[in-house]
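Sequence lines set the chain letters: A, B, ... in the order given, protein chains first and strands last, and positions in each chain run from 1.
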Amino acid sequence: MTALPADFYARPVLEVAPDLIGCTVEHGETAGVIVETEAYHESEPACHAYVGLTARTETLFGEPGRAYVYRSYGIHALLNAVCEPVGVGAAVLIRALAPLTGTELMRARRGLDGLAGHAAAGSGSLDRELCSGPGKLTQALGIELDENGTSLASGPVRIGARAGEWREPQVVAGSRIGISRAVELRWRFCATGDPNVSRPRP
DNA sequence: CATGGGATTGACT
DNA sequence: GTCAATCCCATGC
């Protein structure tokens with residue numbers, strides 16, 4: 001896998017977010033293709049960086065091309081790619097993946113291994129429960145809070161360029177999910193028709 | 001120092 | 001459709 005260089009992320013977050021659709025996320029023995037992202041920028045109130053530089057947002061304002069991982073609702077770890085130059089708080093939330101490798105391990109981490117007995121007809125439909133949400137994919141890949149701030153080019157979590165069938169994905173924009181402010185911005189990007197995109201589908 | 005609110009998910013009515 | 005689980009940290013006293 002060819003990891004994306006830091007300058008890929010040192011651009012406007014609204015360019016990076018759709019460009020990440022079709023790229024590959026890899027962590028240990030598990031990997032998947034990004035099929036859904038959302039952009040966040042310090043200029044709008046849904047972004048954590050809106051409040052300015054704090055202990056929580058330090059990573060967001062730091063070097064582009066690093067992972068911003070935080071805990072949501074006390075339960076889930078959410079994975080973001082930090083964008084734009086140092087000093088600008090912006091990131092792309094990785095919301096869903098198409099599972100690529102290590103699906104057995106993903107099933108085990110997600111607590112779905114017991115259902116594999118449905119096998120023949122069911123394995124394909126089970127796969128779409130593995131990474132079809134921002135909290136689900138970090139659980140499936142085993143990404144934890146201590147990976148906050150690590151490099152997406154050379155760290156434990158790596159993002160690679162588009163390849164093969166994902167060279168020219170069709171991308172559709174929609175409204176971001178699960179936020180209460182700046183809901184009018186259509187800063188959510190999904191691979192058209194992919195079954196791993198979380199609900200509601202645009 | 002106490003409080004409240006999430007960039008969610010899964011279970012239940 | 002509703003609702004609780006559960007932790008980090010920003011904010012306010």
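- The shortest distance between the side-chain N/O atoms of A:S72 and the OP1/OP2 oxygens of B:dG6 is not below 4.0 Å.
- Remark: A:R110 is in phosphate contact with B:dG10, judged by side-chain N or O atoms under 4.0 Å from OP1 or OP2.
- Counting only N and O atoms by type, the side chains of A:R110 and A:Q139 include a donor and acceptor under 3.5 Å apart.
- In a base pair of the Watson-Crick type (N1 to N3 plus N6-O4 or O6-N4) or a G-U wobble (N1-O2 and O6-N3), with each distance short of 3.5 Å, B:dA2 is matched with C:dT11.
- Minimum atom distance to the side chain of A:H76 is reached by B:dT8, of the listed B:dT8, C:dT11, B:dA7.
- Look at CZ on A:R71: it is 16 Å from C1' on B:dG5, rounded to the nearest Å.
- The side chain of A:A55 lies closest to C:dA10 when the candidates are B:dT9, C:dA10, B:dA7.
- Per the geometry, CG belonging to A:N148 stands 18 Å off P belonging to C:dC7, to the nearest Å.
- At a threshold of 4.0 angstrom between heavy atoms, the contacts of A:R176 with the nucleic acid are absent.
- Comparing C:dC8 with B:dG10, their C1' atoms are spaced 22 Å from each other, to the whole Å.
- In this structure, A:Y70 has its ring center closer than 6.0 angstrom to the ring center of A:H48.
- Among the protein residues, A:I75 comes within range of the nucleic acid bases, having at least one heavy atom under 4.0 Å from a base atom.
- Distance CD (A:E44) to C1' (B:dA7): 10 Å, rounded to an integer number of Å.
- The interatomic distance linking A:I177 (CD1) with B:dG6 (P) rounds to 16 Å, in whole Å.
- At whole-Å resolution of the value, CG in A:L53 and P in C:dA10 are 10 Å apart.
- A:Y73 contributes no side-chain N or O that forms a donor-acceptor pair with the base of B:dA7 under 3.5 Å.
- C:dC9 atom C1' lies 10 Å from atom OH of A:Y68, rounded to whole Å.
- Nucleotide C:dA5 forms a Watson-Crick or G-U wobble pair with B:dT8, both donor-acceptor distances falling under 3.5 Å.
- In this structure, a donor-acceptor pair under 3.5 Å is absent between the side chains of A:S151 and A:R66.
- Rounded to the nearest Å, the gap between the C1' atom of B:dA7 and that of C:dG1 is 22 Å.
- Comparing A:R181 and A:K136 along DNA chain B, the residue whose closest nucleotide (by nearest heavy atom) sits nearer the 5' end is A:R181.
- The distance from atom CG of A:L137 to atom C1' of B:dT9 is 13 Å, rounded to the nearest whole Å.
- Of the listed residues (A:T150, A:N148, A:V157), just one forms a side chain to side chain contact (heavy atoms under 4.5 Å, CB included) with A:V69, and that residue is A:N148.
- Atom CD in A:Q139 sits about 15 Å away from atom P in C:dC7, given to the nearest Å.
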Requested in this report: Starting from the C-alpha separation in whole Å, work towards a yes-or-no answer on side chain to side chain contact (heavy atoms under 4.5 Å, CB included) for A:W187 and A:E44.
Outcome: CA-CA 11 Å; A:W187 285 9; A:E44 44 89 15; 3.6 Å; yes
